[in-house]
Amino acid sequence: MRSQYILFTSFFLFSSLSQNAWSNTNGSIGINYGRIANDLPVPSQVVKLLLSQGVTKVKLYDADSTVLTALSGTGISVTVAMPNGQLESAATSQSFTDTWVQSNIMAYYPKTNIDSIAVGNEVFVDPQNTTSYLVPAMHNVYASLVKYDVASTIKVSSPIALSALGNSYPPSSGSFKPDLVELVIKPMLSFLNQTGSYIMANAYPFFAYMADTKTISLDYALFRDEKGVTDPNNGLVYKSLLEAQMDAVYAAMGLLGFNDIKLVVTETGWPSKGDENEVGASPENAQGYNGNLVKRALTGGGTPLRPNDPLNVYLFALFNENQKPGPTSERNYGLFYPNEEKVYDIPLTIEALKNWNGMVNGSKNEVVANTWCVANEEAGNEKLQQALDYACGEGGADCRPIQEGATCYDPNTLTAHASYAFNSYYHKNSRLSGACNFGGAAYVVTQPPRFGNCDFSTGY
Ligand SMILES: *[C@@H]1O[C@H](CO)[C@@H](O)[C@H](O)[C@H]1NC(C)=O
Ligand SMILES: *[C@@H]1O[C@H](CO)[C@@H](O)[C@H](O)[C@H]1NC(C)=O
Ligand SMILES: *[C@@H]1O[C@H](CO)[C@@H](O)[C@H](O)[C@H]1NC(C)=O
Ligand SMILES: *[C@@H]1O[C@H](CO)[C@@H](O)[C@H](O)[C@H]1NC(C)=O
């Protein structure tokens, strides 16, 4: 009897814990695993990287078989996606979603820990305008999950872009765009409410900051505004723009009578590089945003409007993706380069956070006193030359001193010139760990390099 009692108790504890996962005070961090690139590691290698970083949640943009297989048995929670191009079929055919769920979910679940399906992505801003198919597609996917008896564990939702809001400031005045309300928002919220699911939203304070640097302070965007911004309607104080954006979504849902639906931020991030007009894109700011956000989410507490609903967010993105179209920032949201080097260092777990002191200044933790970056001769001339060309070109290093006749031209060797350029690049990028690598062509040293009369303390 006793053992039965214990079994019963632990079962009860387990089920009530998982059901109440939302009411835990600490939030969670996941990562978007985008693959619009031709130079990424194979999925099995990527999964090793995720595990080595302590990542417990990942979101995909499709239901790729190799990826889902690689994630099998890891315990990592997975959000699988149905691409926008399949919404019409999904909306109009129950047998389509039955087959889709069979081959993309049931073929892997539960060994692959799929916890949600993102039906479409930012559908309202899709140029193909598949908006009218969205909610019917969600209903059909859900009905298929019911058929295979997994509807209680796998949630169905759809990431919306923040542009679905017509008004987002102040947060308490958040509202959806009027033309979307009857067409799709109300039916979607009813579906989410009925099925115990949550709304998914992609939110980028970077865009808001870039569009209005006069009004929005960088500190506020990067979670380091001690004073905060007060919502004049209710006196609530916001310490970060992301929380203000989240509360605008909560307020917009509340306006339509839905006060119980939770929000998961399915994408947020900050680019480490951008075009000239993309103000704020830098490795320091990206490190500050993502690092401070991780700290904010994992150490608990909700938003001012929803203090009991902690921040559950997915960072965008795992890798820099070299085939994404658009401005430079688009290809530079990654936490990692394709060679798995970190673009900048941030904690991803509560343990890693303990050694991180970036709350005020994002790059602080990575900047070690007195380091320089020099060329690695063993990389070979070809690699060194390529890296030198990159550093002096796109990389923006100051290479004037190594031009003929200038102070660091002598000694006229590839190693000396590359060292000068790499060091300039490294310092320009605040000596972040990823900025002294060049695919193995460079490494960090703790003594100032000596090449002729060249002074390595100038030029950056
Ligand atoms: C998209 O489709 C819906 C209904 O099918 C329509 O009401 C809306 O105007 C369309 N939006 C655009 C931008 O074409
Ligand atoms: C949300 O669902 C609950 C429980 O099913 C229901 O009582 C409530 O009326 C729903 N809310 C709205 C706004 O439809
Ligand atoms: C939750 O956050 C607190 C700080 O607010 C931290 O001390 C604790 O370790 C966190 N718990 C977990 C399980 O991450
Ligand atoms: C953070 O960095 C900025 C710019 O480098 C500097 O002006 C500021 O004093 C630093 N703040 C703290 C608290 O270290």
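Indexing begins at 1, ligand by ligand and atom by atom, following the structure's order.
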Candidate with minimal heavy-atom separation from atom 9 (O) of ligand 3, of Ile350, Thr299, Thr349
Ile350

Which of the ligand 3 atoms, numbered from 1, are nearer than 4.0 Å to a heavy atom of Leu298:
1 (C), 2 (O)

Looking just at side-chain N and O atoms, do Gln102 and Thr99 make a donor-acceptor pair shorter than 3.5 Å?
no

Tell me whether Ser190 reaches ligand 2 (any heavy atom closer than 4.0 angstrom to a ligand atom).
no

Single hit among Tyr204, Tyr314, Tyr333 for side chain to side chain donor-acceptor pair (under 3.5 Å) with Glu267:
Tyr204

Nearest-contact summary for atom 1 (C) of ligand 3 - protein heavy atom, Å:
Asn26 ND2, 1.6 Å

Could you tell me whether Arg224 and Asp219 make a salt bridge, using a distance below 4.0 angstrom between a side-chain N and a carboxylate O?
yes

Tyr109 and Thr153: side chain donor to acceptor below 3.5 Å:
yes

Just to confirm my output: which protein heavy-atom neighbour is closest to atom 6 (C) of ligand 2, and how far is it?
Asn193 ND2, 4.1 Å

Any protein heavy atom under 4.0 Å from atom 11 (N) of ligand 2?
yes

Value for CG (Leu298) from OG (Ser28), rounded to nearest 0.5 Å, stands at 7.5 Å

Looking only at side-chain N and O atoms, does Glu243 offer a donor or acceptor that is under 3.5 Å from a partner on Ser240?
yes

If you scan protein heavy atoms around atom 13 (C) of ligand 2, the nearest is Gly257 O, 3.3 Å

